Amino acid sequence: QVQLVESGGGSVQAGGSLRLSCAAYGHTYSSYCMGWFRQAPGKEREGVAAIDSDGSTNYADSVKGRFTISQDNAKNTLYLQMDSLKPEDTSMYYCALGFGVCSTDAARFNYWGQGTQVTVSS
């Protein structure tokens, strides 16, 4: 049974940084795709970034150059380094695990964490 637990969210001023973590418990797959998603009240869920088991990454245009997705296989942990944060980045952020072709399409992911809140003030 896979369990994903996000942490690292908080409240920061515009231009600040946060580093989100997602611990994957019971995740022993050698081939996979992991991603970060966000959803603000009244808005649809948006794929932020994804990374596969080979380290290949994909980013939403809205975060390119500001966010970096990475993973520590030894710790079975996924990260999202968020720099130059903007108020529009305010959302609940979720990590997810899927299989097959890796993308930021939420429909391709099977397991989801409970989310961690990120709030960016102007």
Side-chain angles (χ1 to χ4, degrees):
Q1 183 80 348
V2 175
Q3 183 179 9
L4 306 178
V5 181
E6 302 97 335
S7 62
S11 182
V12 299
Q13 291 187 311
S17 298
L18 284 172
R19 188 194 192 200
L20 306 184
S21 298
C22 173
Y25 300 99
H27 174 23
T28 60
Y29 303 98
S30 58
S31 181
Y32 59 85
C33 175
M34 295 197 73
W36 287 99
F37 297 80
R38 64 188 183 185
Q39 187 168 26
K43 299 185 68 177
E44 64 183 7
R45 180 149 48 188
E46 175 188 16
V48 175
I51 186 168
D52 67 16
S53 46
D54 294 322
S56 181
T57 59
N58 299 102
Y59 295 94
D61 289 341
S62 59
V63 306
K64 285 182 180 178
R66 299 189 299 119
F67 292 8
T68 304
I69 188 171
S70 63
Q71 59 191 340
D72 186 332
N73 292 327
K75 297 181 179 180
N76 222 14
T77 302
L78 179 73
Y79 301 99
L80 184 66
Q81 179 65 44
M82 308 165 67
D83 298 319
S84 301
L85 283 162
K86 304 175 181 179
E88 51 262 44
D89 294 319
T90 296
S91 280
M92 183 72 76
Y93 283 72
Y94 303 88
C95 70
L97 168 66
F99 307 95
V101 177
C102 198
S103 74
T104 54
D105 182 358
R108 295 181 178 273
F109 291 80
N110 305 93
Y111 300 94
W112 294 83
Q114 294 298 307
T116 185
Q117 179 67 40
V118 171
T119 301
V120 184
S121 60
S122 60

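If you're wondering where the values come from, they're calculated on a predicted model, not measured in any experiment.
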Ring pair (Phe, Tyr, Trp, His ring centres under 6.0 Å) between Trp36 and Phe67, intermediate numbers included:
CA-CA 11 Å; Trp36 287 99; Phe67 292 8; 9.9 Å; no

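- A salt bridge does not link Lys86 to Asp89: none of the charged nitrogens lies less than 4.0 Å from a carboxylate oxygen.
- Rounding to the nearest 0.5 Å places CG of Asn58 at 8.0 Å from CG of Asp52.
- Atoms SG and CD, on Cys95 and Gln114 in that order, are 10.0 Å from each other to the nearest 0.5 Å.
- Residues Tyr79 and Gln71 approach most closely at CD1-CA, 4.4 Å, considering heavy atoms.
- Considering all non-hydrogen atoms of both residues, Leu18 and Gly8 come closest at CD2-O, 3.8 Å.
- Nearest approach of Ser91 to Arg38, heavy atoms of both residues: CB-CB, 3.6 Å.
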After noting the C-alpha distance and the side-chain angles of His27 and Tyr32, does the key distance pass the ring pair (Phe, Tyr, Trp, His ring centres under 6.0 Å) rule?
CA-CA 10 Å; His27 174 23; Tyr32 59 85; 4.8 Å; yes

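- Between Cys22 and Met34, the closest heavy-atom pair is SG-CE, 4.3 Å.
- Val63 and Ile69 fall within the same hydrophobic cluster, where Ile, Leu, Val, Met, Phe, Trp and Tyr residues are linked whenever their side-chain heavy atoms come under 4.5 Å apart, directly or through other members.
- Nearest heavy-atom pair, Pro87 versus Ser121, reported as atom, atom and distance to 0.1 Å: CG-C, 4.5 Å.
- Contact of the Met82 side chain with the Leu20 side chain is registered, since non-hydrogen atoms from C-beta on lie closer than 4.5 Å.
- The shortest non-hydrogen separation linking Ala49 to Tyr59 is CB-CD2, 3.6 Å.
- Glu46 and Ser62 form a side-chain donor-acceptor contact under 3.5 Å, judged by distance and modelled atom types alone.
- Linking ILVMFWY side-chain heavy atoms closer than 4.5 Å, directly or via other members, places Tyr93 and Trp112 in two distinct hydrophobic clusters.
- The neighbour count for Gln81 CD, taken as heavy atoms of other residues, nucleotides or ligands under 6.0 Å away, is above 12.
- Screening Thr116, Ile51, Val118, Val48 for a side chain to side chain contact (heavy atoms under 4.5 Å, CB included) with Leu80, the sole residue that qualifies is Val48.
- Distance check: Met92 CE to Thr119 OG1 gives 8.5 Å after rounding to the nearest 0.5 Å.
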Kindly list each side-chain donor-acceptor pair under 3.5 angstrom involving residues 96-109, sequence neighbours excluded, with atom names and distances?
from, atom 1, to, atom 2, distance (Å)
Ser103, OG, Asp105, N, 3.2
Asp105, OD1, Ala107, N, 3.1

